Amino acid sequence: MKPRVRFAPSPTGYLHIGGARTALFNWLYARRNGGVFVLRMEDTDQERSTPESVKAILDGLQWLGLDWDEGPGKEGPYAPYFQTQRLATYKKYTDQLIAEGKAYRCGCTKEELDARRAASNDPGWKYDGKCRERKDVPATGAVVRFAMPKDDGALSFTDLVLGKITKTHSDLDDFVMMRADGIPLYNLGCVIDDHEMEITLVGRGQEHVNSTFPQLALYRALGWEAPQFAHFPLILGPDREKLSKRKHPEADVMLHKNNGVLPEALLNFVVRLGWSHGNDEVISVAQMKEWFDFKSVGKTSGVWNPEKLTWLNQQYLKTLAPEEIAKRVAPLMGFDDPRFVKLVLAFRTRVKTTVEMAAAFRPYFEKGVKLDPEAAAKALTAEGKATLATVADALKALPTWAAAPIDEALKKLAESTGQKLGVLAQPLRVAATGSMTSPGIGDTLEILGRDEALARIDAALK
RNA sequence: GGCCCCGUCGUCUAGCGGCCUAGGACGGAGCCCUCUCACGGCUCAAACCCGGGUUCGAAUCCCGGCGGGGUCACCA
């Protein structure tokens, strides 16, 4: 049977890093095994779901390159892919379960429940079953609860990453599966859709292992075979708690995009949080698709490590085609220019993000340069200016303005005067860039162009 | 607190009974390269949570303790 997996986010905010990795793992599994990757919107929380969030999630996945085979915008045979458009299906099965005595209407209000919960003084309070045997609960205004078997049986499943997990019925309760208005809760919607959409494997974060049990109970009540499950380790914030939107700004996928992180790097970073392939660190998407396997997914939660993300980002800055990087920096510059490629080559080992890269490019497109006072004081002393003047004369005599001849001329000059190259290069660097640091002096001057470079030198000489 | 899961350098991890005086990567320290800054190369510091078993032999298997996380909603 063809593997069918899904990513089923709740559109209540931007795409979360944890969600992105869940999507990635499922996507990789589908791609690796010739399966289908389904995107389903679990928008049953009317309070919090918004169209903006749907768009944000779609945009995030697209930016990462995680394309779905069925879902919003790709209506397949199991459409629709928004749960709020599937209400009739949920009603059908809910009615069936009620008729069979496997579910019942409950008229307890939220307030009554809260009161009883508070009175019990039990942090793990479970629904007391008050409405379970009542026959007089009106159909309107009542929620539907699942009637958990009261025997001493148990539910268990073999998780693809965690192994066998078991829970007894007595640890479960009569959870609410449908609201009074006919909108299902998570467990119900999830089970019915996964079955209806013929999902063969459910891959999600470990925060869902406990909810797997009520879902298993539902599968059994409905007489359905449950899919396979794989629960991925959590991604933790610096405080060692589950990465959450509230507490951890880095949970936002798009924040990283805005910070100049490449999707390749983010995917690489996130795939290594919980999954490994021997000692490999820099892993392309193509390699992930070839290697990904639930057997190599670890059980332990991983802590978000910004330094490693940054390092990975630079690895991609250094190895992706310069033309490609240039294309991605262009929007940050607000314009395109053929010199971007040379600038990429000059700066890719010196910056960590595309944002830093754009900032580094900027001075090369301005007339003149503001000198860093400290650098000027160091390199543009009277003595420095004297050597700069000599250097300038040599440069002006150059027939071709390019890195190689410039470097060569400087070397020759240094040899003839017995000076170290640095003595010549630093005043020149400060004059040309205003700073004590820059790419190689030849490259720097070439990219600047003869006219601008000489103009800056003359300005520094004054 | 109940239940569930987990426990190798600061962090991500390799390891799946002998190959481990525990390997790699990020980060840190140092050296080299060098026109500056980077990049790169080399070196160093740094871990098997604790205690019992099982075994000729345990980071690897079992039990207990401790520690961490998750979950207990008409959120997902």
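A note on names: the letters A, B, ... follow the listed sequences, proteins ahead of strands, and every chain is numbered from 1. The model shown is predicted, which means the values in this text are computed figures rather than measured ones.
In this structure, the ring of A:Tyr127 has its center no less than 6.0 angstrom from the ring center of A:Phe175. Not less than 6.0 angstrom separates the ring centroid of A:Trp311 from the ring centroid of A:Phe269.
Annotation: side chain to side chain contact (heavy atoms under 4.5 Å, CB included) contacts of A:Asp152 (sequence neighbours excluded): none.
Residues from residues 163-170 of chain A with heavy atoms under 4.0 angstrom of RNA chain B, sorted by number: A:Ile165, A:Thr166, A:Lys167.
Residue A:Pro9 is classed as having no contact, given no heavy-atom separation below 4.0 Å to the nucleic acid. When heavy atoms are screened at a 4.0 angstrom cut-off, A:His231 is found touching no nucleic acid atom at all. A:Arg272 comes within 4.0 angstrom of a base, heavy atoms only. When heavy atoms are screened at a 4.0 angstrom cut-off, A:Arg117 is found touching the sugar-phosphate backbone but no base atom. Among the atoms of the strands shown, base atoms are found under 4.0 Å from some heavy atom of A:Asn305.
The shortest distance between the side-chain N/O atoms of A:Arg350 and the OP1/OP2 oxygens of B:U36 is not below 4.0 Å. Residue A:Lys242 places at least one side-chain N or O closer than 4.0 Å to OP1 or OP2 of B:U71. Between A:Lys126 and the phosphate of B:G2, there is no side-chain N or O to OP1/OP2 separation shorter than 4.0 Å. Phosphate contact (OP1/OP2 of B:G7, side-chain N/O of A:Thr300, threshold under 4.0 Å): absent.
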Exercise for the section: Could you go through the ring pair (Phe, Tyr, Trp, His ring centres under 6.0 Å) check for A:Phe292 and A:Trp275 one step at a time? Expected result: CA-CA 8 Å; A:Phe292 186 78; A:Trp275 175 79; 5.6 Å; yes
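Ring geometry for A:Phe229 against A:Tyr219 counts as perpendicular: the plane angle is over 60°, on a 0 to 90° scale with 30° as the lower cut.
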